[in-house]
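Quick notes on the structure that follows.
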Amino acid sequence: MQIRLYNTMTRKLEEFKPITPNHVGYYNCGPTVYWDQHLGNMRTFLNADILKRMLLANGYTVNHVMNYTDVGHLTSDEDTGEDKMEKGAARENISVWEVAAKYIKSCERDMASLNILPPTHAVRATDHIKEQIELLQKLEKMGFTYEIPGDGIYYDTSKFPDYGALGGQNLSELKAGARIENNGKRNITDFALWKFSPRDSKRQMEWDSPWGVGFPGWHLECSAMSMKYLGDHFDIHSGGQEHIKVHHTNEIAQSEPIVGKPWVHYWVHWEWLMLKDGKMAKSSGSFWTVQGLIDKGYDPMTYRYLLLLGHYRQPIVFSFESLDAAATGYKNIIRKVADLMNDKSGDTDQDLYQQWHDKILAPVSDNLKTAEALVVIQDLLKDKTVNNTTKLALFGFIDDLLGLQFIDRATKLHKLESVEAPENVKELAQKRLEAKKSRDFALADSLRSEIDSLGWNVLDSVDGFKLVKKQ
RNA sequence: GGCCAGGUGGCAGAGUGGUUAUGCAGAGGACUGCAAAUCCUUCUAUGCCGGUUCGAUUCCGACCCUGGCCUCCA
């Protein structure tokens, strides 16, 4: 099936063509692990998951790499900037290494809750210091670097003619719009490749290097690790949209002189999760995590469903009103899928299966239009010409593609409703039915409350009643 | 100041040069003593002004407004 993706580099929707047939090399920028990942962060990983599942459904093997940034970086190139990792350590009175371990774990837990497939390689920046130094040495040999004494090794962006192409700006435009001081840098856009440790204080994370003790610049890790695990050239690189102008622009500047152009074939960028009054961010204080939603009683699939109702290139406004609406919509589908399980007679109709399979996969393959696929799913549920067995088989495919765990939740619901009621409850229900027939509704209602107190709901049906164990 | 995205019904959010998704909520109905579930039907919309066109929500231009990025950020 044709796959199309919006490529930030060309600003066009492009047909996807892999470098190697039937295989995709894919790198998604992961989180800095200094705190719990909030729902906005998780949106990125969920989008990456959908992209990967779509590729898998189209028969590709996917080598998926995601980094954990566990090195602290200064928020500015001045020494006054804060280091989030060190700050996290101070906040919790544990070491920087413990901060990293703790929040990698919580991130993995939340990703699992959202049924996000683990990356093929989840890699840590601190495990790849050697590779980063080697990359820097290559750049140095090629004449792209210079030292600011007492500060660090910097990349000279004026040496890279295509600098800024991803963000659609050239160097002179960037200079014109700049709002920041340059602190001895040759160009406003130059960035640190290696920072020296401060002389007056000891950092918890620092390493020896040919240039002196210090730590790598932030952008270096993604270049170094993607080359290691995906080779010099690979298919797709994605990340949050805020990375376009700086992080990814700098990654390209570091990588293309070494590996040649184009380093990456498709650049994909995710939009943000918003709150009514701005973006969801850790710095704004109030933010929600997946675990927070679970603690509040939400099925995490509800959040996944909410995100899939929108499009990755569009902001989504998060509120509990919209989450509740998504929760109801999600539950309604579960209800219908569970009902399909009541009558599984008949075989899977292969023609119909293929037809609907393609109808569902097509929009997702077209730049990940999951909202359209969800519409097709509604159509499928309503279509009376497709038998239950075929529908259930299709929901198996839908779960593989969208990861919404419909079959799992429906199976649980169906099992719960299939539990046989004990004899005494059945007798009460039978008595109630008779009371109803003789129009003694007062008796009927008191019998129902008695059944209720025994832990069962009695539901009237055309042919009598149905007993469902209460949750 | 520079760059980018977007303004769709009560809410969330799609698609589309002409028959205007889908979900949630609302209304009516079937069923029902009530309740739950299910099914059917149904009301609300395309920021403003021009232009192109037989016809624009969809294309073009101006305007207004909102949001994001440019500094660590998913």
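In what follows, every heavy atom counts, from backbone to side chain, and hydrogens, waters and symmetry copies are set aside.
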Check every atom of B/rA21, B/rA74, B/rC34 against the side chain of A/Asp445 and return the nucleotide holding the closest atom. B/rC34
Which residue lies more 5' along RNA chain B, comparing A/Val246 with A/His311 via nearest heavy atoms: A/His311
Tell whether A/Arg432 reaches the base of B/rG33 with its side chain through a donor-acceptor pair below 3.5 angstrom. yes
Whole angstroms only, please: what is the CG-C1' distance between A/Asn457 and B/rA35? 10 Å
5'-most contact on RNA chain B: A/Asp379 or A/His247, nearest heavy atom basis? A/Asp379
Side chain of A/Ile316 only, please: which of B/rC69, B/rG13, B/rA74 is the nearest? B/rG13
Using 30° and 60° as the class boundaries, would you call the ring planes of A/Tyr27 and A/Phe234 parallel, tilted or perpendicular? tilted
Measuring only the P atom in each nucleotide, how far is B/rU58 from B/rU46? A whole number of Å is fine. 11 Å
Taking only the C1' atom of each, what is the distance from B/rG7 to B/rC63 in whole angstrom? 14 Å
Atom CG of A/Asp452 and atom C1' of B/rA36 are separated, to the nearest Å, by 12 Å
A/Gln314 CD to B/rG15 C1', straight-line distance once rounded to whole Å: 13 Å
Determine the contact category for A/Gly40: base if any of its heavy atoms lies under 4.0 Å from a base atom, sugar-phosphate if only primed atoms, P, OP1 or OP2 are that close, otherwise nothing. base
Ring geometry between A/Tyr26 and A/His64 (parallel below 30°, tilted from 30 to 60°, perpendicular above 60°): parallel
Charged N to carboxylate O under 4.0 angstrom, A/Asp151 versus A/Lys185? no
On a whole-Å scale, what distance lies between the P atoms belonging to B/rA36 and B/rA27? 13 Å
Once Watson-Crick and G-U wobble pairs under 3.5 Å are found, how is RNA chain B written in dot-bracket notation, 5' to 3', with | for any base paired to another strand? (((((((..(((.....[...))).(((((.......)))))....(.(((..]....))).))))))))....
Can a salt bridge be assigned to the pair A/Lys359 and A/Asp379 using a cut-off of 4.0 Å between side-chain N and carboxylate O? no
In terms of side-chain heavy atoms, does A/Tyr103 have a donor or acceptor partner in A/Asp70 at a distance below 3.5 Å? no
Over all strands shown, is A/Lys382 touching base, sugar-phosphate only, or nothing at heavy-atom distances under 4.0 angstrom? sugar-phosphate
Interatomic distance where CZ belongs to A/Phe406 and C1' belongs to B/rG23 [whole Å]: 12 Å
With a 4.0 Å cut-off on N to O distance, would you call A/Lys412 and A/Asp408 a salt bridge? yes
Closer than 4.0 Å, any side-chain N/O of A/Thr32 to the OP1 or OP2 of B/rA74? yes
Round to the nearest Å and state the distance from A/Glu242 atom CD to B/rC3 atom P. 21 Å
How far, in whole Å, is B/rC40 from B/rU8 if one measures between their C1' atoms? 27 Å
Can you tell me if A/Thr302 and A/Asp299 form a side-chain donor-acceptor pair at under 3.5 Å? no
In whole Å, what is the span from the CE atom of A/Met274 to the C1' atom of B/rG13? 16 Å
Rounded P spacing from B/rU20 to B/rU16 in Å: 16 Å
Classify the nucleic acid contact of A/Leu374 as base, sugar-phosphate or nothing, counting any heavy atom under 4.0 Å across all strands shown. nothing
Within this structure, what is the OH-to-P distance between A/Tyr305 and B/rC24, rounded to whole angstrom? 7 Å
Say you pick atom C1' in B/rU71 and the same atom in B/rU52; how far apart are they, in whole Å? 44 Å
Could you tell me whether A/Glu271 and A/Arg43 make a salt bridge, using a distance below 4.0 angstrom between a side-chain N and a carboxylate O? no
With rounding to the closest Å, how many angstrom separate the C1' atoms on B/rU66 and B/rG47? 11 Å
Using a 4.0 Å heavy-atom cut-off across all strands, classify A/Ile244 as base, sugar-phosphate, or nothing. nothing
Would you please test A/Asn187 and A/Tyr155 for side-chain contact (heavy atoms from CB on, under 4.5 Å) and show each step? CA-CA 9 Å; A/Asn187 307 285; A/Tyr155 182 100; over 6 Å; no
A/Leu309 CG - B/rA25 P separation (whole Å): 13 Å
Residues in residues 361-372 of chain A with a heavy atom under 4.0 Å of RNA chain B, by number, are A/Lys369, A/Glu372
Around atom NZ of A/Lys105, are there more than 12 heavy atoms from other residues, nucleotides or ligands closer than 6.0 Å? no
Say you pick atom P in B/rG51 and the same atom in B/rA62; how far apart are they, in whole Å? 16 Å
Give a yes or no on whether A/Lys431 atom NZ has more than 12 heavy-atom contacts from other residues, nucleotides or ligands under 6.0 Å away. no
Quick one, which residues of residues 332-340 of chain A touch RNA chain B with a heavy atom under 4.0 Å? A/Asn332, A/Arg335, A/Lys336
I'd like to know if the side chain of A/Tyr303 and the backbone of A/Leu39 have a donor-acceptor N/O pair within less than 3.5 Å. yes
What class does the angle between the rings of A/Tyr305 and A/Phe406 fall in, given that below 30° is parallel, 30 to 60° is tilted and above 60° is perpendicular? perpendicular
Cation-pi check, A/Arg203 to A/Phe215: give yes when NZ or CZ is under 6.0 Å from the six-membered ring centre and within 45° of the ring axis, no otherwise. yes
Looking at B/rG68, B/rA36, B/rG33, which one has an atom nearest to any side-chain atom of A/Leu459? B/rA36
